[in-house]
Every structure is written in structure tokens, then in C-alpha cells.
Amino acid sequence: MKKVTAAGQSVEEAVNLALAQLNSTKDRVEIEIEDEGKKGFFGLFGARKAIVHVTLPADPIEESLKFLKNVSENMGVNAEIDIRRQGKNVTFHLSGEKIALLIGKRGQTLNSLQYLTQLVANRYSKQFLNVTVDAEDYRNRRNDTLIQLAERMANKAIKTGKSVSLEPMPSFERKVIHNALLHYPKIKTNSNGTEPYRHLVITPIR
């Protein structure tokens with residue numbers, strides 16, 4: 001967050017001077033008017049300049065980027081980070097050498113990074129942001145693996161007539177499996193347990 005105090009012949013002039021110092025635009029800042037100023041007699045005697053305080057709030061995307069870069073460097077990974085935003089959805093794509101360190105076993109490190117990055121982003125954002133952190137297209141590859149797992153476990157549940165419990169997963173991965181099995185009329189899915197041990201159960205319909 002940056003804050004600038006500026007004075008001018010009018011409030012508008014003072015605000016424009018502050019915006020120039022902040023290298024920002026009016027729609028991105030918060031403006032507090034301390035003194036609206038006074039033109040004075042014939043514009044000379046008793047004149048008083050307008051004074052404003054203009055604050056540029058921290059940008060949630062920039063703060064998230066700084067967080068990811070800091071964590072990556074501390075883990076010994078010089079990651080390149082590409083940012084894509086579509087409405088409230090923000091995706092950080094990580095690439096580079098040693099990127100596997102940021103993914104971890106079954107994506108556990110990447111999932112933790114995503115969770116923490118979302119906390120950072122929404123700490124500074126006025127509207128909720130849905131953050132995804134991906135590395136070398138891991139999310140798509142993981143989704144394919146989850147769909148195959150879902151179909152295999154669904155067939156096992158149908159064949160044995162017994163419920164099948166999957167390993168604990170974050171909510172967005174459980175949703176992938178749930179959606180993959182919507183076209184299976186002979187089974188149903190539901191989540192059991194509490195985070196971070198919440199898991200999906202595939203149950204055959206008798």
C-alpha cells in the first residue's frame with residue numbers, strides 16, 4: 001500500500017499530482033480530502049491550497065506473485081510465473097527447472113501453495129478471487145489421472161457391491177471425480193471426514 005499527500009490550486013489538481021506520483025489512475029485509488037482549499041480575495045489574499053491524501057491499495061495479484069516468487073526461491077527453484085485472469089478466476093502457471101519440487105508427491109506441495117496463495121490474494125482483494133496454481137500443466141495431467149481412478153473404482157464398487165473409499169483429496173479434486181461419475185447410474189458419491197482428511201466414497205446403488 002502506498003500513500004501520497006499532495007497540494008494544488010484545486011482538489012482536482014491535487015489529486016492529479018498525487019496520481020502522477022503513484023503512477024496510477026483514479027479508479028484504483030482511495031481519496032481523502034483534508035482541505036478543499038480557498039481561492040481568496042481576487043485569487044490572491046487569503047488563498048489556501050487544496051490538500052488531499054491519496055492511497056493506492058496493494059494489488060492482490062502482485063502480492064500473490066511476490067509470495068509465489070519468494071516461496072519458490074526459498075525452495076531453490078527459479079520459477080517463471082505466467083498470470084492469467086478471467087473475471088474472478090486467476091491462474092498462476094509455474095515453469096522452469098526443478099519444478100517438480102513445487103509439485104510434490106501427488107501434487108501435495110502444489111495444493112498447499114495454491115491454498116496459501118489464495119489466502120494472500122483475498123487478503124488484499126475487495127472481491128473473492130478463485131486462485132489456481134499450476135506447474136508444467138500438472139492440473140490437466142492430474143485431472144486425467146483422477147478420471148481414470150474414478151472409473152476404475154466405480155467399476156470395482158459395482159462389481160463387488162461394496163463401497164470404495166478413496167484417499168483424502170482437496171475439494172476441487174473430489175469434484176473432478178464426482179463429475180466424472182455423474183453418468184454412472186449404478187453408483188453414488190459423497191464426501192466423508194473433515195479437512196484435510198476429507199475423502200470421497202463411491203457407493204453402489206442396490
Side-chain angles (χ1 to χ4, degrees), residues 1-2 24 28 56-154 164-184 187-202:
M1 182 176 69
K2 299 178 181 178
S24 186
R28 293 186 59 197
L56 177 63
D59 183 87
I61 308 302
E62 291 179 2
E63 294 299 322
S64 299
L65 179 61
K66 284 194 290 186
F67 169 76
L68 281 173
K69 282 185 175 180
N70 184 53
V71 172
S72 299
E73 290 172 1
N74 285 334
M75 293 180 68
V77 181
N78 184 22
E80 294 182 10
I81 305 175
D82 177 54
I83 306 170
R84 299 174 191 173
R85 180 170 184 176
Q86 190 171 24
K88 296 181 181 180
N89 299 313
V90 184
T91 302
F92 296 87
H93 291 273
L94 282 58
S95 60
E97 296 182 4
K98 300 181 180 179
I99 207 68
L101 291 174
L102 299 181
I103 297 175
K105 183 179 179 181
R106 296 178 182 171
Q108 291 178 352
T109 304
L110 193 64
N111 290 341
S112 296
L113 273 177
Q114 177 170 293
Y115 173 74
L116 293 173
T117 303
Q118 179 150 302
L119 289 181
V120 171
N122 285 296
R123 177 184 177 186
Y124 297 100
S125 179
K126 292 182 179 179
Q127 64 172 351
F128 180 80
L129 296 176
N130 183 35
V131 174
T132 299
V133 177
D134 198 0
E136 299 287 7
D137 203 34
Y138 173 82
R139 295 296 180 198
N140 283 333
R141 290 185 280 113
R142 175 63 172 169
N143 282 358
D144 291 340
T145 300
L146 289 173
I147 291 171
Q148 293 173 14
L149 173 67
E151 293 175 345
R152 191 165 66 250
M153 294 298 101
V164 177
S165 296
L166 304 184
E167 63 187 22
M169 298 176 188
S171 60
F172 57 88
E173 290 193 348
R174 297 197 303 270
K175 186 176 180 180
V176 171
I177 292 180
H178 174 75
N179 289 338
L181 299 180
L182 287 176
H183 65 285
Y184 275 71
I187 61 98
K188 63 179 180 179
T189 60
N190 64 285
S191 294
N192 283 351
T194 56
E195 302 291 359
Y197 305 107
R198 197 161 174 78
H199 60 280
L200 204 66
V201 179
I202 302 174

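Note that the coordinates shown come from a computational prediction; the quantities given were computed from them, not determined experimentally.
Side chain of S125 to backbone of A121: no donor-acceptor contact under 3.5 angstrom is found.
The side chain to side chain donor-acceptor pair (under 3.5 Å) search around K69 returns none, not counting sequence neighbours.
Between D59 and E62, the closest heavy-atom pair is OD2-N, 2.9 Å. Between I177 and A150, the closest heavy-atom pair is CG2-CB, 3.6 Å. Summarising the geometry of S24 relative to L56, their closest heavy-atom pair is OG-CD1, 3.5 Å, with the distance given to 0.1 Å.
Applying the salt bridge (charged side-chain N to carboxylate O under 4.0 Å, His left out) test to residues at least two apart or on different chains, the pairs with a partner in residues 132-147 are R142-E167, R142-E173.
Rounded to the nearest 0.5 Å, atoms CD (E80) and CG (L94) are 10.0 Å apart. Taken from CD in Q114 to OG1 in T91, the straight-line distance is 8.5 Å, to the nearest 0.5 Å.
Within 6.0 Å of the CD atom in Q86, the count of heavy atoms belonging to other residues, nucleotides or ligands does not exceed 12. Other residues, nucleotides and ligands place more than 12 heavy atoms under 6.0 Å from the CD atom of E151. Environment of CZ in F172: crowded, with over 12 heavy atoms of neighbouring residues, nucleotides or ligands closer than 6.0 Å. Heavy-atom contacts from other residues, nucleotides or ligands closer than 6.0 Å to OH of Y197 number 12 or fewer. Within 6.0 Å of atom CZ in R198, more than 12 heavy atoms from other residues, nucleotides or ligands are found, so the atom counts as buried in its surroundings.
Of the candidates L181, V201, L182, T189 forms a side-chain contact (heavy atoms from CB on, under 4.5 Å) with just one, namely L181.
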Please walk me through it: do D82 and S95 pass side-chain contact (heavy atoms from CB on, under 4.5 Å)? CA-CA 8 Å; D82 177 54; S95 60; over 6 Å; no

